Amino acid sequence: MPLRLDGKKLAEKIEKRLYSRISVGLEHVRRPPGLAVLRIGDDPASAVYVSNKAKACKRIGISSFVSHLPPDSSQEDLVKKIHQLNADERVDGILLQLPLPKGIQESALLAEIDPEKDADGLHALNLGKLLKGEPGPRSCTPAGVMALLAHNQIPLAGQRAVVVGRSILVGQPMALMLQAANATVTVAHSKTRDLVKLTKQADLLIVAAGQPLLIGSEYVKSGATVVDVGIHRLAGESTTGGKNKASLCGDVRFEEVSKVASAITPVPGGVGPMTVTMLLVNTVMRWQDHCGLSFSLSDLVP
Ligand code: NAD
């Protein structure tokens, strides 16, 4: 059996650490960390993600401020809301829940978030800092993957890594973080020819294609580490054999790939919980900076 890269367990461990950091910090400053989450429209998956984030904040002592705005909100109103949050002294981190309803310009809104309060690391300035190897908030999903790999002592330096997917949210920052850790990185995407040939060479395969069960054992080199970022709800099918039950799966065929990989993330319980945890880490880091606290969590941030 391959090593299971258990994001749920690691997330719990990091949450405990954050909880105690906040408790110690509150002996010196008056207010807890604050995270503002901006949800626009009625995407049902976003509702679940936002609620999970608010629950996670509550568990460790972060104040969460969730704003839910209608899908037909004007760009102007949304910018105004972001400016209010930028000016709100209780707020250390701001997260714009993606995807946005059609017609709303995502990059223009992300650009309005104060880079100092950018909990998701998606502001152009912070993406630039990642590119240059300077400290700053990092994109939560790839940062969570890096923490999971580090915790499980998966070697990266000199390893051949293939990232499937090149989105700004996952694939691109993932590739930069792996490069910064001295892996030799190739990025594949929907126009890549002969994907199997490429992925077969990977010591480390990160899959963020958003295609349910795309990657089977034929894509994976024996002994590789496989990280599945994808998450999909399969209505009416169950990967565990039950009938008519919605179940979750990733971009990787877990059972099949488990027979060849040396380490693998499950879905659920792999990358997902780590994404939420890195959002908490980013918020607590920003709080420390804003309140002049000196303790470090920098070992958690790639
Ligand atoms: P996206 O749709 O923005 O990007 C997908 C990328 O995959 C694109 O670059 C595309 O070119 C590439 N791609 C698509 N089909 C491909 C194929 N057949 N072969 C090679 N490349 C292909 O998606 P995203 O926002 O990057 O998210 C990817 C997946 O990760 C989704 O399933 C999403 O739900 C999931 N996700 C999970 C978390 C988490 O916390 N677990 C966080 C973010 C995203």
Side-chain angles (χ1 to χ4, degrees), residues 5-8 10-11 14 37 39 43-53 55-56 95-100 102 106-107 110 119-122 127 138-149 161-178 185-202 205-216 218-220 226-235 239 246-254 257 264-282:
L5 303 173
D6 191 330
K8 192 163 179 275
L10 180 57
I14 296 175
V37 181
R39 179 179 158 222
D43 176 49
S46 291
V48 176
Y49 294 143
V50 168
S51 145
N52 287 345
K53 286 166 187 172
K55 281 185 202 152
L95 168 86
L96 180 64
Q97 183 64 43
L98 303 176
L100 300 176
K102 277 198 180 110
E106 179 183 309
S107 331
L110 288 172
D120 224 2
L122 292 178
L127 287 169
R138 298 295 195 235
S139 316
C140 298
T141 302
V145 171
M146 293 301 284
L148 198 51
L149 295 172
V162 172
V163 178
V164 184
R166 60 174 168 183
S167 72
I168 292 292
L169 188 64
V170 187
Q172 304 258 22
M174 186 77 254
L176 289 170
M177 287 180 202
L178 289 168
V185 184
T186 306
V187 177
H189 47 78
S190 54
K191 300 279 188 281
T192 297
R193 283 200 302 266
D194 207 351
L195 184 65
V196 180
K197 192 173 169 200
L198 203 62
T199 58
K200 262 283 199 199
Q201 295 170 38
L205 178 60
I206 314 268
V207 190
Q211 302 291 329
L213 307 174
L214 171 72
I215 301 294
E218 73 276 20
Y219 286 78
V220 180
V226 179
V227 173
D228 188 355
V229 178
I231 183 140
H232 312 277
R233 198 167 287 275
L234 293 176
T239 48
S247 65
L248 293 177
C249 76
D251 288 357
V252 173
R253 289 176 237 149
F254 181 84
V257 171
I264 186 166
T265 56
V267 176
V271 176
M274 291 304 297
T275 297
V276 178
T277 297
M278 295 319 286
L279 177 68
L280 305 178
V281 169
N282 278 344

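Just follow the structure's listing: the first ligand is 1, and inside any ligand the first atom is 1. Bear in mind the structure is a predicted one, so any value in this text is a computation, not a measurement. Only this structure's heavy atoms are used, side chains among them; waters, hydrogens and symmetry mates stay out.
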Could you name the option among G210, A209, G250 that has the heavy atom nearest to atom 5 (C) of ligand 1?
A209
Nearest non-hydrogen protein atom to atom 4 (O) of ligand 1, with distance, is S167 CB, 3.7 Å
What are the two closest non-hydrogen atoms of L127 and S139, and how far apart are they?
CD2-OG, 4.1 Å
Using a 4.0 Å heavy-atom threshold (strictly under), name the region of V164 that reaches ligand 1: side chain, backbone, both or neither.
side chain
Side chain, backbone, both or neither: the part of H232 lying under 4.0 Å from ligand 1 by heavy atom:
side chain
Between L178 and A161, what is the shortest heavy-atom contact and its length?
CD1-CB, 4.1 Å
Would you mind checking which non-hydrogen protein atom is closest to atom 44 (C) of ligand 1, with the distance to 0.1 Å?
V170 CG2, 3.9 Å
Hits for side-chain contact (heavy atoms from CB on, under 4.5 Å) against L176, two or more places apart or cross-chain, chain-then-number order -> L130, L131
When you measure from atom 36 (N) of ligand 1 to every protein heavy atom, which one gives the shortest distance, and what is it?
V229 O, 3.7 Å
Tell me: protein heavy atom nearest atom 28 (C) of ligand 1, and distance?
A208 O, 3.6 Å
Is the shortest distance from a heavy atom of G171 to ligand 1 less than 4.0 Å?
no
Proximity of T141 to ligand 1 by residue part, where a heavy atom lies under 4.0 Å:
side chain
Contact between ligand 1 and I231 is defined here as a heavy atom of the residue under 4.0 Å from a ligand atom; is it met?
yes
Could you check atom 39 (C) of ligand 1 against the protein and tell me its nearest heavy-atom contact, residue, atom and distance included?
T275 OG1, 3.7 Å
Protein heavy atoms: any of them under 4.0 Å from atom 2 (O) of ligand 1?
no
Heavy-atom contacts under 4.0 Å between Q211 and ligand 1: side chain, backbone, both, or neither?
side chain
G272 heavy atoms within 4.0 Å reach ligand 1 at atoms 40 (O), 41 (N)
Nitrogen or oxygen atoms of D251 and ligand 1 under 3.5 Å apart:
no
Donor-acceptor pairs are to be reported for all side-chain atoms of residues 271-282 against protein atoms at under 3.5 Å, with residues two or more places apart or in another chain.
unit_1 : atom_1 : unit_2 : atom_2 : d
T275   : OG1    : T141   : OG1    : 3.1
T275   : OG1    : V271   : O      : 3.3
T277   : OG1    : P273   : O      : 3.0
N282   : ND2    : A119   : O      : 2.8
N282   : ND2    : R138   : O      : 2.9

Counting non-hydrogen protein atoms only, what is the nearest one to atom 11 (O) of ligand 1? Give residue, atom name and distance.
S190 N, 3.0 Å
Atom 8 (C) of ligand 1: of R166, H189, M278, the nearest heavy atom sits on R166
